[in-house]
Protein chains: 2
Amino acid sequence: MFPKATISRFPMYFRVLTEYNHQNIALVSSEEMARKVGVTSSQIRKDLSYFGSLGIRGAGYDVAYLLAKIKEILGMDKKRRLAIIGAGKLGLALAGYTGLKQHGLEVAALFDIDQSKWGTTSGQLTVFPLTALASQKEELGMEIAVLTVPGAVAQTVANMAVQAGFKALWNFAPVRLVVPKNVIVQYEDLVVGILTLSHHLARKFG
Amino acid sequence: MFPKATISRFPMYFRVLTEYNHQNIALVSSEEMARKVGVTSSQIRKDLSYFGSLGIRGAGYDVAYLLAKIKEILGMDKKRRLAIIGAGKLGLALAGYTGLKQHGLEVAALFDIDQSKWGTTSGQLTVFPLTALASQKEELGMEIAVLTVPGAVAQTVANMAVQAGFKALWNFAPVRLVVPKNVIVQYEDLVVGILTLSHHLARKFG
DNA sequence: TACCCCTTGTGATTATTTTCACAATCTCAA
DNA sequence: TTGAGATTGTGAAAATAATCACAAGGGGTA
Ligand SMILES: NC(=O)c1ccc[n+]([C@@H]2O[C@H](COP(=O)([O-])OP(=O)(O)OC[C@H]3O[C@@H](n4cnc5c(N)ncnc54)[C@H](O)[C@@H]3O)[C@@H](O)[C@H]2O)c1
Ligand SMILES: NC(=O)c1ccc[n+]([C@@H]2O[C@H](COP(=O)([O-])OP(=O)(O)OC[C@H]3O[C@@H](n4cnc5c(N)ncnc54)[C@H](O)[C@@H]3O)[C@@H](O)[C@H]2O)c1
């Protein structure tokens, strides 16, 4: 098995490869990529080696081929649809994020318990009542539920998402969720990042 | 020195301790906390031990005391002010995020290059022209610059923030920044989280 | 005070991740 | 076709992080 951190480096590899591709660069060495990504070249080679011999000895990596491989590894070759639950500040920001599309991701609909938000379209999107979650999941073929609801209701909402058949949750609420074993939760705790900075500032400057 | 991951667990410790405090629970064991946070009890004890003997043998940890210690470690005892650069979808969502205050953080102002956004107050906040960054930093005592600008201009904006005297950058643009050694950058790459989910879905279900 | 029980704090151990270093092998030019 | 030069792929070594296991104390009770 490969380190967990390996997968977390792939999105950055994908981005720089996309750039090379854009510049019509066909071959790239691990050394060259490393400079751009900010990791060591052996780290890149090791990461890629977990998924086969993807490069060409003496030459480097074929940009187009490696891009295709990374897409496959990250599941970007198939379009994945997202349901955003909680059409608040963060939910709407994510719904309007243009960066998702280029990674094979698409927000298909939003859901909220607040009646005043229903039907409101932000961009092309519809906000459905939370009760429509299960039916719309089937209708729109959504696979990932994005939780942007207040922490106090996050567990309840997660239960509903699981009930509706979602097997993957992307949780922005600062709460640990209890879910069945076959459901994956990815936690996104933004406070960790800013408090890490705060900690460093406190250390260095008090 | 302690593992990097140690600091990343402290925000969660802080949250559960706040809950205990709210429930007037004065003492808590590492075992009890571990259940709630979702890590092992020895992990918690080890994490805390890097910062001294914070518990009471045979009894557990004094909730109020540990809270105060964690605040100190994370630099939450002093209020830190943030400058959000890029008053777009994500920047405005962060500006309106109520969770920052309870961690000693406060958004003091926003900055944007787009004239049509200047002066617009979202909540109590003002959007300043980007050129006012250095002067407002002094005026408002801001320490951390939050970068929510398009990736294409992130490096330029980072340079301006460094020029203005910011020593800590919280970067949401999917770009590796080059900054002087004495400036800290915390990267927040949301695509990593969702693509990790996508990868797992691809593995399990194709 | 003496004793028992409980939980911390921490060296030692184990697991995981990264880095090193070089044999394998590919490209390209003559 | 051959040889020089380049870069991958990967075991082995080193570094980092998590877990174990238990001695060291502290609290409560009689
Ligand atoms: N705003 C940010 O930048 C930010 C940053 C980090 C984390 N978060 C977290 O993201 C979550 C949302 O934050 P926000 O700032 O967008 O809050 P918000 O109040 O703007 O939005 C929350 C939305 O959830 C809806 N909601 C409430 N209960 C619901 C339920 N039971 N079912 C469905 N929808 C429900 C509300 O109607 C509202 O539209 C919170 O958990 C917050 O801690 C937000
Ligand atoms: N929206 C999201 O949910 C989301 C999620 C993940 C990452 N991001 C990243 O965050 C960044 C912002 O995304 P967004 O969706 O808020 O985009 P946005 O277009 O809504 O906002 C960008 C803002 O930056 C301003 N801007 C442009 N150039 C500037 C400059 N040189 N100086 C100052 N301000 C400038 C624009 O006027 C605009 O207000 C992007 O890098 C994006 O990749 C956004």
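Protein chains get the first letters and strands the later ones, always in sequence-line order, with residue 1 at the start of each.
In this structure, A:Ser41 reaches neither bases nor backbone, as no heavy-atom distance under 4.0 Å exists between it and the strands shown. As judged by a 4.0 angstrom heavy-atom cut-off over every strand, B:Lys4 is placed among residues touching the sugar-phosphate backbone only.
The stretch residues 47-75 of chain B comes close to DNA chain D through B:Ile56, B:Arg57, B:Gly58, each having a heavy atom under 4.0 Å from the strand.
Spacing between atom CD1 of B:Ile7 and atom P of D:dT16 amounts to 17 Å, rounded to whole angstrom units. Counting to the nearest Å, the P atom of D:dG9 and the CD1 atom of A:Ile44 are 12 Å from each other. The distance between atom CZ of A:Phe2 and atom C1' of D:dG9, rounded to the nearest whole Å, is 18 Å. Rounded to whole Å, the distance from NZ on A:Lys46 to P on D:dG11 is 7 Å. Whole-Å rounding puts the B:Gln43 CD to C:dG9 P distance at 15 Å.
Atom NZ of B:Lys204 has more than 12 neighbouring heavy atoms from other residues, nucleotides or ligands inside a 6.0 Å radius. In the displayed structure, B:Gln23 atom CD is contacted under 6.0 Å by more than 12 heavy atoms of other residues, nucleotides or ligands.
Here the nucleotide nearest the side chain of A:Ala5, chosen from D:dG9, C:dG11, C:dT18, is C:dT18. Comparing D:dC20, D:dG11, D:dT8 by their closest approach to the side chain of B:Ser42 singles out D:dC20.
The side chain of B:Thr40 contributes an N or O atom lying less than 4.0 Å from OP1 or OP2 of D:dT19. Within the structure, every side-chain polar atom (N or O) of B:Arg45 is placed at least 4.0 Å from both OP1 and OP2 of C:dG11.
A:Phe172 has its ring centre no less than 6.0 Å from the ring centre of A:Tyr187. Between B:Phe10 and A:His199, the distance separating the two ring centers is not shorter than 6.0 angstrom.
Here CE of B:Met33 is found 6.5 Å from OH of B:Tyr13. Values are rounded to the nearest 0.5 Å.
Looking at A:Glu143 and A:Lys137, no side-chain N of the basic residue comes within less than 4.0 Å of a carboxylate O on the acidic one, giving no salt bridge.
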From CA spacing to verdict: ring pair (Phe, Tyr, Trp, His ring centres under 6.0 Å), A:Tyr61, A:Tyr20: CA-CA 11 Å; A:Tyr61 294 89; A:Tyr20 290 126; over 10 Å; no

